[in-house]
2 protein chains.
Amino acid sequence: MPRGRPRDAAVGHKVVETVLRLIAEGTPFGDLTMEGIAREAGVGKATLYRRWAGKDALLLDAMAAVDSPALPVLPGTSFRDDLVVAVETIRKRGLAKRDSAMLRNMLTQMHNNPELWRRYHGTVIAKRRAALARLLEHGIAIGAVRPELGSDLELLVDFVTGPMLTRTAFREDAPLEQGLSERVVDLILHGIAPGDDT
Amino acid sequence: MPRGRPRDAAVGHKVVETVLRLIAEGTPFGDLTMEGIAREAGVGKATLYRRWAGKDALLLDAMAAVDSPALPVLPGTSFRDDLVVAVETIRKRGLAKRDSAMLRNMLTQMHNNPELWRRYHGTVIAKRRAALARLLEHGIAIGAVRPELGSDLELLVDFVTGPMLTRTAFREDAPLEQGLSERVVDLILHGIAPGDDT
DNA sequence: ACGATACGAGACGCCCTCGTATCGAAACCC
DNA sequence: GGGTTTCGATACGAGGGCGTCTCGTATCGT
C-alpha cells in the first residue's frame, strides 16, 4: 500500500545503534543532541524527525532496543554454583561500558523522565531481577535457602545483587580480583557473623 | 592589604548553596548553566566569573562544600544495634533528595570528570566508608564478625552497604517498610542459607 | 577625599541546538 | 513514465548559554 520509496530499515537500526554507542562512550543524556546523533550516524536530520517526534521519542525507542544480553546459562551443578554465575554476571556487566553507562544515565534521569525509566526498567532490569528471583525460589525449593525468606523475594534479590552492584558502580578501577564472586556468594550464603557451618 | 571592597563571603556561600539546591531538585549536571545559577542565586554573572574560572571550578567547590551530614551516633548497646543504625542511615540518605540526587549525578559524571568524582569521593564517600569499616573492625574485635573477613574490609563494606544502597537507588517509590533495616542486617549477619543459629 | 575592588544587572558577539524547509537523487507502486 | 515518498545534505530563524565587558552603586584601604 504505501506508495513511495519505502523506509530503509537499516537506517533506523543504524541510528539507534549510534545512540547506544554514544551513551556507552559516556555521553550524558543532556549532551545528546539530534544534530550530533545525525552527524555520528551519517544520517540527515530530516530522517530523524521523519521517524521520531523529538529526542525523547528517540531515546525511548533506543531503550526498548537495548538487548538484554542473554541471561547467563546456569550450570545447575549446585545452588552455590548457580549463584556464583549470577553474581559474576553482575560483575561483568558492571565492567561493560555500555551497560554501566546506560544504567548510570538512567538513574540520573529517573526523576526528570519517569517514562524513560519505566521503559528501561521494564525491558532490562525487570527481566534480570525476575531471573534471579526464580533462582532464589529454586534455592528455597531444594532447601538451599531458608524458606521464611521467600516472603519477600524483592528484598532477597536486593541482598544478592547489591554488594556486587555497588562495588562495580563505585569503582571504575575495579581490579581483576580472582575469586571475588565466590567470596561474595559465600558472604551472601552465610553472612558475616561467626557460628555458621562454613 | 587587599585594597578595594572586600568580597562578601555571604555571596560565595549563597552561590554554592544554590548549586546544591538545584542538584537536589534533580537538575542533571549538563543542565546546570552559569546563567541559571546566577539567576537563581540572585547574583550577577560577573560575580561568578570573578570567583570561578568556569562551571567545572564552581562545581568542584560545591562538592567540597557538601556537608557530610554528621555520621550517626551509634547506640553501642550491641554490634547488631550499631549495624542497624548504620544501615538505617543509608536508607534515610537514599530518601533525602539532596544526597541521592548528588550521588546519582556524580556516578554519571564519574567518567567525564574524574577530578570531580575524586573530590566528591574524598569529601563524602570515603568518610562514610571509613566509619563503617571501623564499626566492622570493632565487630571483629568483639567476636561478632568472623575474623578472617578482616582481610578485605573494603569487600565487607560493600557487602553491608550494597543491599540498602541498591534498594534505595532503584526504588523511588520506596514504601516505608517497618523493620526493613533490621531484616537487612539479619541477612547480612546470617546470610540466606539454612543452618544458622538464628 | 580618592583610588581600587566588589556588587547586581544586563548588553554583546559567538557558537550550538532545535525543528522546519528545501534540494537533487534514489527507490518504490501503478 | 508519473506520482510519491525516503534518502543525505544543507540552509534557515528562533532560542539559549558562554565568557567578556560596561554600567551605576557600594564598600573597603590610604
Side-chain angles (χ1 to χ4, degrees), chain A residues 1-23 25-63 65 105 108-109 112-113 115-116, chain B residues 1-23 25-63 65 105 108-109 112-113 115-116:
Chain A
M1 305 331 169
R3 302 255 285 173
R5 172 177 177 174
R7 291 187 178 175
D8 188 348
V11 170
H13 184 267
K14 182 167 57 175
V15 170
V16 169
E17 201 58 28
T18 299
V19 172
L20 297 182
R21 178 175 61 83
L22 289 176
I23 294 176
E25 288 172 358
T27 312
F29 276 24
D31 289 2
L32 280 179
T33 68
M34 293 296 262
E35 277 176 333
I37 293 168
R39 205 180 311 132
E40 286 289 322
V43 148
K45 282 177 60 180
T47 302
L48 294 187
Y49 285 100
R50 199 176 294 122
R51 293 167 181 247
W52 293 281
K55 184 158 59 179
D56 287 358
L58 173 52
L59 289 185
L60 228 57
D61 255 29
M63 288 306 99
N105 272 311
T108 305
Q109 292 292 326
N112 306 342
N113 206 331
E115 173 60 19
L116 197 62
Chain B
M1 305 341 147
R3 301 256 286 167
R5 173 178 175 175
R7 291 186 178 175
D8 188 347
V11 171
H13 184 266
K14 183 168 56 175
V15 170
V16 169
E17 202 58 29
T18 300
V19 171
L20 297 181
R21 179 174 60 82
L22 289 176
I23 293 176
E25 287 171 359
T27 312
F29 277 24
D31 289 1
L32 281 178
T33 68
M34 294 296 264
E35 280 181 330
I37 292 167
R39 206 181 310 130
E40 286 290 321
V43 148
K45 284 176 60 180
T47 302
L48 294 187
Y49 285 99
R50 197 176 297 122
R51 292 167 179 248
W52 293 279
K55 184 158 58 177
D56 287 359
L58 173 53
L59 290 186
L60 228 57
D61 255 29
M63 287 308 99
N105 272 311
T108 305
Q109 291 292 327
N112 306 341
N113 207 330
E115 173 59 21
L116 196 63

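Every value quoted in this text rests on a predicted model; they were computed, and no experiment measured them. Proteins come first, then strands; the chains are lettered A, B, ... in the order of their sequence lines, and each starts at number 1.
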task = Go through the structure and list residues passing side-chain hydrogen bond (donor to acceptor under 3.5 Å, both in side chains) with B/Gln109, not counting sequence neighbours.
result =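 Per chain and number, B/Gln109 pairs via side-chain hydrogen bond (donor to acceptor under 3.5 Å, both in side chains) with no residue.
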
key: side-chain hydrogen bond (donor to acceptor under 3.5 Å, both in side chains) partners of B/Asp61, counting only residues at least two apart   =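 For B/Asp61 the side-chain hydrogen bond (donor to acceptor under 3.5 Å, both in side chains) partners, ignoring immediate neighbours, are B/Trp52.
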
ask   = Hey, where on DNA chain C does chain A first and last touch, going 5' to 3'? Cut-off is any atom under 4.0 Å from a heavy atom.
value = C/dT17 to C/dC29

message = Applying side chain to side chain donor-acceptor pair (under 3.5 Å) as the test, list every pair that has at least one member in residues 5-16 of chain B; sequence neighbours left out.
response = none

ask   = Would you say A/Arg7 reaches D/dT6's phosphate, i.e. side-chain N/O to OP1/OP2 under 4.0 Å?
value =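 The answer is yes; a side-chain N or O of A/Arg7 sits under 4.0 Å from OP1 or OP2.
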
5'-most by nearest nucleotide on DNA chain D - B/Leu32 or A/Gly12 =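 The 5'-side residue here is A/Gly12.
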
Min side-chain heavy-atom separation A/Asn112-B/Pro28 under 4.5 Å =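 They are in contact (side-chain heavy atoms under 4.5 Å apart), so the answer is yes.
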
request  = Would you indicate whether the side-chain heavy atoms of A/Asn113 and A/Phe29 approach each other to under 4.5 Å?
outcome  =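 Sidechains of A/Asn113 and A/Phe29: no contact.
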
ask   = If you find the nucleotide of DNA chain C closest to A/Arg5 and the one closest to B/Lys14, which residue's nucleotide is nearer the 5' end?
value = B/Lys14

task = Provide, to the nearest angstrom, the distance between the CG atom belonging to B/Asp8 and the P atom belonging to D/dC28.
result = 9 Å

key: Protein-nucleotide distance (A/Met34, atom CE; D/dG8, atom C1'), rounded to Å   =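 Atom-to-atom, A/Met34 to D/dG8, this comes out as 15 Å.
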
Residues within residues 40-52 of chain A bordering DNA chain C, heavy-atom distance below 4.0 Å =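 Heavy-atom cutoff 4.0 Å gives A/Lys45, A/Ala46, A/Tyr49.
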
inquiry  = Strictly by salt bridge (charged side-chain N to carboxylate O under 4.0 Å, His left out), give each pair with a member in residues 36-60 of chain A just once, sequence neighbours left out.
reply    =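 Qualifying pairs, neighbours excluded: A/Arg21-A/Glu40, A/Glu35-A/Lys45.
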
inquiry  = Suppose we screen for side chain to side chain contact (heavy atoms under 4.5 Å, CB included). Which residues come up paired with A/Ile37, at least two apart in sequence or across chains?
reply    = A/Val15, A/Val19, A/Leu22, A/Leu48, A/Leu58

query = Looking only at heavy atoms, which two atoms of B/Ala41 and B/Thr18 are closest? And how far apart?
reply = CB-OG1, 3.4 Å

